[in-house]
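Written out below as structure tokens is the structure these notes cover.
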Amino acid sequence: MSARNNILRRIRALQGKPPSPTAGEREAVRAYLQTRARSPRPAADGEPATRFHERALSLASTCDDVAAAAHIPAAVADYLRKNDLPMRAVCWPAWAALDWAGSGVAVEARGARSDDLVGITGAFCAIAETGTLMMVSGAATPAAASLLPETHIAIVSRARIVRGMEEAWQLLRAEHAVMPRAVNFISGPSRTADIEQTVSLGAHGPYRVHIILVP
């Protein structure tokens, strides 16, 4: 991050500002964001979780729904078997304590490597309007687990499904005093149509995105 910080410091110096933003500057930005009028938006259609499920399916994601977190390993195992995928995965630390072995899945809580085919993560929140997952990077939420394996399984709380992008950023600002290093938006499997206008999945990331909704 030193190169980025050096560039920002040079810009601030040319503006006659101190090297780092002051508390007053940060508060002025927060006040501006809170009072700024919102642009026109599409009408909200139905309950957020239902809308998110519909939009996620339209993006070629697949979805499952479980009654409690304890049922996640069984749901993951069922998905892997149905799709003839390996019964092993890497996961974020938050999900390491679940009874994976009891469902026949070998799961390691560590960063993803090139030979890992399945990654299990959570999500900061989900966006109902577009069927998108919002991911924030951090020590306990490594981005590689969602971007490197061919199959990404995301565990999403229904309570963390927001109406649109505006609410997602509002939630992030409310819960993070400092912005994370990276914010990634995942809208279904990776795809491209650069070659002869033909859509190809898995071009720059996972071939499959499977979402498990929990209370």
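- For the atom pair NE2 of H53 and CD of E47, the computed distance is 11.5 Å after rounding to the nearest 0.5 Å.
- The two residues T121 and A145 come nearest to each other via the heavy atoms CG2-CB, 3.7 Å.
- Atom CG of residue L33 and atom CZ of residue R173 lie 4.5 Å apart, to the nearest 0.5 angstrom.
- Here the CD-CD distance, from Q170 to E175, works out to 11.0 Å after rounding to the nearest 0.5 Å.
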- Task: Go through the steps for W100 and I120 under the test side chain to side chain contact (heavy atoms under 4.5 Å, CB included), then give the verdict.
- Result: CA-CA 12 Å; W100 297 107; I120 301 171; 3.7 Å; yes

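- Put simply, the side chain of V66 reaches to within 4.5 Å of the side chain of I212, judged on heavy atoms.
- No single ILVMFWY cluster, assembled from side-chain heavy atoms under 4.5 Å apart, contains both I127 and V214.
- Between the side chains of H210 and T62, at least one donor N or O sits under 3.5 Å from an acceptor N or O.
- Tracing side-chain contacts under 4.5 Å through hydrophobic residues (I, L, V, M, F, W, Y), one never reaches L59 starting from I211; they form parts of separate clusters.
- Taking all atoms of both residues into account, the shortest heavy-atom contact from P215 to A67 is CG-O, 3.0 Å.
- With values rounded to the nearest 0.5 angstrom, L171 atom CG is found 13.5 Å from E166 atom CD.
- No side-chain heavy atom of P19 sits under 4.5 Å from any side-chain heavy atom of R12.
- Following chains of ILVMFWY side-chain contacts shorter than 4.5 Å, one cannot reach V136 starting from W92, and the two form parts of different hydrophobic clusters.
- Taking CG from N6 and CD1 from I11, the interatomic distance works out to 11.0 Å, rounded to the nearest 0.5 Å.
- In this structure, T50 and E54 have side chains that are in contact, with non-hydrogen atoms separated by less than 4.5 Å.
- L172 places a side-chain heavy atom less than 4.5 Å from the side chain of P180.
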- Item | Intermediate values then yes/no, side chain to side chain contact (heavy atoms under 4.5 Å, CB included), N5 and R9 | CA-CA 6 Å; N5 291 337; R9 288 193 187 101; 3.6 Å; yes

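- At most 12 non-hydrogen atoms from other residues, nucleotides or ligands lie less than 6.0 angstrom from CZ of R10.
- Criterion: ILVMFWY side-chain heavy atoms under 4.5 Å apart, direct or through other members. Under it, I155 and F124 are not part of a common hydrophobic cluster.
- Contact of the L147 side chain with the M135 side chain is not registered, since no non-hydrogen atoms from C-beta on lie closer than 4.5 Å.
- There is a path of hydrophobic side-chain contacts, each under 4.5 Å, that joins I72 to M87.
- Closest non-hydrogen pair, S103 versus A74, comes out as OG-N, 3.3 Å.
- With a 4.5 Å cut-off on side-chain heavy atoms, L85 and L117 do not count as touching.
- When all heavy atoms of T22 and P18 are compared, the closest pair comes out as CG2-CG, 3.8 Å.
- In this structure the side chain of E108 never reaches within 4.5 angstrom of the side chain of R88, judged on heavy atoms.
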- Task: Using the salt bridge (Lys or Arg N to Asp or Glu O under 4.0 Å) rule, take R41 and E167 through it: C-alpha gap first, then chi angles, then the decisive distance, then the call.
- Result: CA-CA 12 Å; R41 303 176 61 182; E167 287 79 10; 2.8 Å; yes

- Please lay out, stage by stage, how M134 and V162 fare under the test side chain to side chain contact (heavy atoms under 4.5 Å, CB included). CA-CA 10 Å; M134 184 179 190; V162 299; over 6 Å; no

- Item | Check against side chain to side chain contact (heavy atoms under 4.5 Å, CB included), I153 and Y79 | CA-CA 10 Å; I153 299 175; Y79 172 78; 4.0 Å; yes

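- Between P48 and A128, the shortest heavy-atom distance links the atoms O-CB, 3.3 Å.
- The two atoms that bring F52 and L133 nearest to each other are CZ-CD2, 3.8 Å, heavy atoms only.
- Side-chain atoms of S146 and I186, non-hydrogen and from C-beta on, do get closer than 4.5 Å to each other.
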